[in-house]
Amino acid sequence: MTEETPGFDEQQPDVPSDDAEPKAASSDEEEGAAPAGDAAQSAGLTAQLDQARTALGERTKDLQRLQAEYQNYRRRVERDRVAVKEIAVANLMTELLPVLDDVGRAREHGELVGGFKSVGESLETVAAKMGLQQFGKEGEPFDPTIHEALMHSYAPDVTETTCVAILQPGYRIGERTIRPARVAVAEPQPGAQTVKPAEEAGQSEVEAEAGEGKDDGGPDEG
């Protein structure tokens with residue numbers, strides 16, 4: 001019969017093995033590597049976001065530039081369209097001016113009656129709807145940009161070159177003059193000045209004061 005050693009089957013205390021410390025060290029390394037990886041990933045995302053923002057800014061500027069160019073193109077086309085229309089209307093009205101002159105002369109002589117009156121007034125109405133405007137009145141100052149002087153005279157009752165008679169009215173469409181008003185002008189009489197210029201008036205006053213100073217001086221010597 002074998003004698004059993006007392007306490008042999010009892011659980012022996014765990015002895016730490018040599019592999020425990022490397023495992024703990026490797027877990028520490030993983031914890032240290034994780035924040036470094038996250039930082040690198042965050043930096044990469046930030047760089048990509050900056051690139052996207054830069055590209056978006058460039059595309060926005062391109063879109064704004066294209067929009068500005070398109071707006072300028074539309075304004076230029078509209079301006080050209082209006083100019084072409086004005087030129088076409090001006091050419092048409094220029095051809096009709098002799099007819100309008102005949103209608104005006106007939107009205108002045110009392111010959112605008114019956115069917116001729118109706119036709120003449122209809123023609124003037126249509127011309128006005130197309131933008132044709134008549135200008136030129138007696139008594140207005142002469143303006144060489146809109147008046148054409150066909151007759152010249154002198155008059156004592158004018159202070160500047162004045163239109164004293166309208167031989168042919170002028171016509172314009174908008175700001176475009178298609179025919180200047182043909183007028184007779186009168187200028188002031190040569191040498192007749194009702195008001196002295198300011199310089200001459202000042203010189204006269206100075207001379208008058210100088211003369212008074214001489215008269216008020218002391219008794220003559222001798």
Side-chain angles (χ1 to χ4, degrees), residues 60-199:
T60 302
K61 291 180 179 178
D62 293 340
L63 181 60
Q64 291 174 348
R65 182 170 59 255
L66 289 175
Q67 186 176 7
E69 291 177 356
Y70 177 68
Q71 293 296 334
N72 293 334
Y73 169 75
R74 287 188 58 185
R75 285 193 291 267
R76 185 167 59 252
V77 169
E78 181 65 19
R79 184 172 59 250
D80 294 343
R81 185 183 67 82
V82 172
V84 169
K85 180 181 177 181
E86 288 184 354
I87 292 173
V89 173
N91 292 336
L92 175 61
M93 291 296 104
T94 301
E95 297 298 327
L96 291 178
L97 290 185
V99 181
L100 294 174
D101 291 337
D102 292 339
V103 173
R105 283 190 291 267
R107 180 180 290 109
E108 292 176 358
H109 293 85
E111 299 176 356
L112 193 63
V113 294
F116 182 43
K117 178 180 180 182
S118 178
V119 173
E121 291 177 349
S122 298
L123 179 61
E124 291 175 340
T125 301
V126 172
K129 288 183 179 179
M130 298 298 292
L132 186 66
Q133 299 176 355
Q134 186 183 103
F135 66 89
K137 294 181 180 180
E138 294 182 5
E140 64 184 6
F142 175 75
D143 185 352
T145 61
I146 60 174
H147 296 140
E148 181 181 354
L150 301 182
M151 298 178 64
H152 177 270
S153 62
Y154 295 96
D157 56 344
V158 297
T159 58
E160 60 180 342
T161 305
T162 306
C163 301
V164 295
I166 306 299
L167 307 179
Q168 271 187 336
Y171 289 95
R172 68 165 61 96
I173 295 179
E175 299 297 328
R176 183 190 300 271
T177 300
I178 63 176
R179 189 181 75 181
R182 292 165 180 170
V183 300
V185 299
E187 291 183 347
Q189 289 285 356
Q193 296 181 356
T194 57
V195 180
K196 292 183 178 181
E199 295 181 358

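These numbers were taken from a predicted model, which means no experiment stands behind them. Here, residue 1 is the first one in the sequence, and each next residue gets the next number.
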message = Show, in sequence, the C-alpha distance, side-chain angles and deciding distance for Ile173 and Met93, and conclude whether the side-chain contact (heavy atoms from CB on, under 4.5 Å) test is met.
response = CA-CA 9 Å; Ile173 295 179; Met93 291 296 104; 3.9 Å; yes
Assess the residue pair Val164 and Glu138 against the criterion (side-chain contact (heavy atoms from CB on, under 4.5 Å)); give the C-alpha distance rounded to whole Å, side-chain angles, the decisive distance to 0.1 Å, and a yes or no. CA-CA 5 Å; Val164 295; Glu138 294 182 5; over 6 Å; no
message = Apply side-chain contact (heavy atoms from CB on, under 4.5 Å) to residues Leu97 and Gln168 and explain how you reach the verdict.
response = CA-CA 10 Å; Leu97 290 185; Gln168 271 187 336; over 6 Å; no
Discussion item. Determine whether Thr145 and Thr177 satisfy the following criterion, side-chain contact (heavy atoms from CB on, under 4.5 Å), listing intermediate values before the conclusion.
Written reply: CA-CA 9 Å; Thr145 61; Thr177 300; over 6 Å; no
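In terms of heavy atoms, Glu140 sits closest to Gly136 at OE2-CA, 3.4 Å. Across all their heavy atoms, Thr94 and Pro98 have their closest contact at O-CD, 3.7 Å.
Counting heavy atoms from C-beta on, the side chains of Glu187 and Ser153 never come closer than 4.5 Å. A 4.5 Å side-chain heavy-atom check between Val99 and Leu123 finds at least one atom pair inside the cut-off. Within the 4.5 Å cutoff, the side chain of Leu100 has heavy atoms near those of the Leu132 side chain. Contact check for Met151 versus Leu167: side-chain heavy atoms found under the 4.5 Å cut-off.
Remark: Glu69 pairs with Arg65, Leu66 by the side-chain contact (heavy atoms from CB on, under 4.5 Å) rule, at least two apart or across chains. For Thr125, the side-chain contact (heavy atoms from CB on, under 4.5 Å) criterion is met by Lys129, not counting sequence neighbours. Partners of Ala83 under the side-chain contact (heavy atoms from CB on, under 4.5 Å) rule, at least two apart in sequence or in another chain, do not exist in this structure.
Pairs passing the side-chain hydrogen bond (donor to acceptor under 3.5 Å, both in side chains) check and including a residue from residues 76-91, sequence neighbours excluded, read Glu78-Arg81. Screening residues 105-117 for side-chain hydrogen bond (donor to acceptor under 3.5 Å, both in side chains), with sequence neighbours left out, gives Asp102-Arg105, Arg107-Glu124. For residues 132-158, the set of pairs meeting the ring pair (Phe, Tyr, Trp, His ring centres under 6.0 Å) definition, not counting sequence neighbours, comprises Phe142-His147, His152-Tyr154.
Residue Leu96 holds its CG atom at 10.5 Å from OH of Tyr171, rounded to the nearest 0.5 Å. The CD1 atom of Ile146 sits 8.0 Å away from atom SG of Cys163, with the distance rounded to the nearest 0.5 Å. The structure places CD1 of Ile178 at 9.5 Å from CZ of Arg176, a figure rounded to the nearest 0.5 Å. Between atom CD of residue Gln64 and atom CG of residue Asp62 there is a gap of 9.5 Å, rounded to the nearest 0.5 Å.
Here the side chain of Thr162 pairs no donor or acceptor atom with the backbone of Val158 at under 3.5 angstrom.
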